[in-house]
Amino acid sequence: MVSIIERAPAKLNLGLDILGKRVDGYHDLSMVMISVDLCDYVTVTDRKENEIIVESDNPRMPNNQKNDVFKAARLLKDQYHIQSGVSIYLSKKIPVCAGMGGGSSDAAATIRALNKLWGLELTKEEMVKVGMQIGSDVPYCLHGGYAKVKGKGELVTPIKANLSSWVVLVKPDFGISTRTVFPDIDCDQISRVDIAKIVSSLEKNDYEGLKASIGNSLEDISIARKPFIQKIKDKMMTSGADLALMTGSGPTVFALCRNERQANRVVNSLKGFCKEVYKVRTL
Ligand code: C5P
């Protein structure tokens, strides 16, 4: 039996701008994404029986088509006519329905792992084509690191940056499903985000520029639905964070702090407020 373990890091949006609605019902987006060292782990093991088995240490994870790791295995198996089976074990650390791309990152890690296990020798572009059939954030998760992401999510361009920062993540005890947020968007009303400014600030390592330009066009909609998100942001800022922003469609809020002492203060003040508080680094 051969097993391969892949790390699946969480993603954060330093910027999320909505350019308009597409004819396919999706939205054209322009985003800046980063990966952080809060990770799930995907282990794939070959099986003689011609079936896909999914298990997880999180009992809330479905073990069928509803799980993105299952979808990834099914797509690769069908597309490349694989005759053997696979067991997939998912060790979950990234909160679910949190805006941190956990499911997408798990799917991307599964594609990478099965590419090795089944000797498919797929290029990144080929893996992205498979990933896009699973979800809009999967292409980014196949790349990872600092990246500008456009289109539905399939156009990923790496950014040369090295943001030296601590990140405090706070996940409230409710989730928000992305597909319920997008229908509420009025493209003429949303607040826009200057993605080019975020990219150039990162490239120049200009922390002040980053603080001034960071933003998420989905924040107003999610905060209108769950005002607690704003309370977390305010508490992060009053306890000394350099900036605080919701990631994806929420509800997770992250704070950036230049030094660890500052990050510890934010963690301590948020701990009594929310159960799930994480101090991580950018990858
Ligand atoms: O592709 P994915 O299943 O992750 O997208 C979840 C939901 O987010 C979609 O059902 C759609 O409502 C919305 N979405 C969008 N435009 C994008 C990406 C996602 O409208 N570019």
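Note that the coordinates shown come from a computational prediction; the quantities given were computed from them, not determined experimentally. Whatever order the structure lists ligands and atoms in, that order sets their numbers, starting from 1.
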Please list, by chain and number, the protein residues whose heavy atoms come under 4.0 Å of ligand 1. Y26, H27, L29, G135, S136, K152, T178, R179, F182

Would you kindly check if the NZ (Lys) or CZ (Arg) of R258 is within the cone defined by 45 degrees around the ring axis of W166 and under 6.0 Å from the six-membered ring centre? no

Determine, for F174 and K226, whether the Lys NZ or Arg CZ falls below 6.0 Å from the six-membered ring centre while staying within 45 degrees of the axis. yes

Tell me the closest heavy-atom pair linking C141 and G101, and the distance in Å. SG-O, 4.3 Å

Residue pair E203 / S200, side-chain donor-acceptor N/O under 3.5 Å: no

Aromatic ring proximity F273/F228, centre distance under 6.0 Å: yes

Looking just at side-chain N and O atoms, do S87 and R47 make a donor-acceptor pair shorter than 3.5 Å? yes

